[in-house]
Amino acid sequence: MAFDYSKLRGRITEKYGNEGNFAKAIGFARSTLSFKLNNKVYWTQPEINLACQLLDIEDSEVTSYFFKPKVQEAERKEA
């Protein structure tokens, strides 16, 4: 399953200016963050927890940042 990380990307930009700065803050290589944001590699629970701390994401908001299903192109055409 692929997830839509557009809201997360916006929060990263809002708090850190760009993804490179956030990658440094969370301890990822920039390529690792890119893989995660592009659904090539899944986030682990500890990584999600740390990201939420760094980005000031409340527990009640985690789902909207990390678990929003990505609508596939075929599904969009059917609607």
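The residues of the chain are indexed from 1 along the displayed sequence. The structure displayed is predicted, hence computed values, not measured ones. Hydrogens, waters and symmetry mates play no part in the numbers below; they use all other heavy atoms, side chains included.
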Enquirer: Taking atom CD of Gln45 as the centre, report whether more than 12 heavy atoms of other residues, nucleotides or ligands fall under 6.0 Å from it.
Expert: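 Counting other residues, nucleotides and ligands, CD of Gln45 stays at 12 neighbours or fewer.
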Enquirer: Between Phe67 and Phe3, is the ring centre distance below 6.0 Å?
Expert: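 Yes, ring centres under 6.0 Å apart.
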Enquirer: Please check this pair: side chain of Asn21 against backbone of Gly17, looking for a donor-acceptor N/O pair closer than 3.5 Å.
Expert: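 Pair absent, no side-chain N/O of Asn21 close to backbone of Gly17.
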Enquirer: Decide yes or no on side chain to side chain contact (heavy atoms under 4.5 Å, CB included) for Thr44 and Glu47, but give the supporting numbers first.
Expert: CA-CA 5 Å; Thr44 66; Glu47 291 168 347; 3.0 Å; yes
Enquirer: Do the charged groups of Glu19 and Arg30 touch, with an N to O distance under 4.0 Å?
Expert: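 So Glu19 does not pair with Arg30 through a salt bridge.
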Enquirer: Applying side chain to side chain contact (heavy atoms under 4.5 Å, CB included) to Ile26 and Leu54, what does each step give before you reach the verdict?
Expert: CA-CA 8 Å; Ile26 199 169; Leu54 293 171; 3.8 Å; yes
Enquirer: Do the side chains of Tyr5 and Met1 join up, straight or via other hydrophobic residues, at under 4.5 Å, putting them in one cluster?
Expert: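 As far as the 4.5 Å side-chain criterion goes, Met1 and Tyr5 are connected within one cluster.
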Enquirer: Find out whether Val71 and Asp4 are in side-chain contact, i.e. whether some heavy atom of one side chain is under 4.5 Å from a heavy atom of the other.
Expert: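 Side-chain contact under 4.5 Å: no.
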Enquirer: According to the interplanar angle, ranging from 0 to 90°, do the rings of Phe28 and Trp43 count as parallel (below 30°), tilted (30 to 60°) or perpendicular (above 60°)?
Expert: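 Correct class here is tilted.
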Enquirer: Take Asn18 and Ile12 through the side chain to side chain contact (heavy atoms under 4.5 Å, CB included) test and state the conclusion after the steps.
Expert: CA-CA 7 Å; Asn18 61 54; Ile12 288 169; over 6 Å; no
Enquirer: Identify the heavy atoms of Val62 and Ile57 that sit nearest to each other, and give their distance.
Expert: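 Taking Val62 first and Ile57 second, the nearest heavy atoms are N-CG2, 4.2 Å.
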Enquirer: Just checking, any donor-acceptor pair under 3.5 angstrom between side chains of Lys68 and Thr63?
Expert: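 Distance-only check fails for Lys68 and Thr63.
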Enquirer: Which atoms form the tightest heavy-atom contact between Ala23 and Ala29, and what is the distance?
Expert: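 Taking every non-hydrogen atom into account, CB-O, 4.1 Å.
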Enquirer: Could you grab the distance from atom CG of Asn38 to atom OG of Ser31, nearest 0.5 Å is fine?
Expert: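 Reported to 0.5 Å precision, the distance equals 11.5 Å.
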Enquirer: Name the one of Arg11, Lys7, Glu58 that satisfies side-chain hydrogen bond (donor to acceptor under 3.5 Å, both in side chains) with Tyr65?
Expert: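 Checked Arg11, Lys7, Glu58 against Tyr65; only one passes side-chain hydrogen bond (donor to acceptor under 3.5 Å, both in side chains): Arg11.
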Enquirer: Please say yes or no: joined through hydrophobic side-chain contacts below 4.5 Å, possibly via intermediate residues, are Tyr42 and Leu50 part of one cluster?
Expert: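 They do share one cluster, since a chain of ILVMFWY contacts under 4.5 Å joins Tyr42 to Leu50.
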Enquirer: Could you give me the CA-CA distance, side-chain angles and deciding distance for Leu55 and Tyr16, then say whether side chain to side chain contact (heavy atoms under 4.5 Å, CB included) is met?
Expert: CA-CA 9 Å; Leu55 296 169; Tyr16 286 87; 3.7 Å; yes
Enquirer: Is the NZ or CZ atom of Lys40 both under 6.0 Å from the centre of the six-membered ring of Phe35 and within 45° of that ring's axis?
Expert: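 No; the conditions do not both hold, so Lys40 does not lie above the ring face of Phe35.
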Enquirer: If you count heavy atoms of other groups shown closer than 6.0 angstrom to NZ of Lys24, is the number above 12?
Expert: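 Counting neighbours around NZ of Lys24, 12 or fewer heavy atoms of other residues, nucleotides or ligands fall under 6.0 Å, so no.
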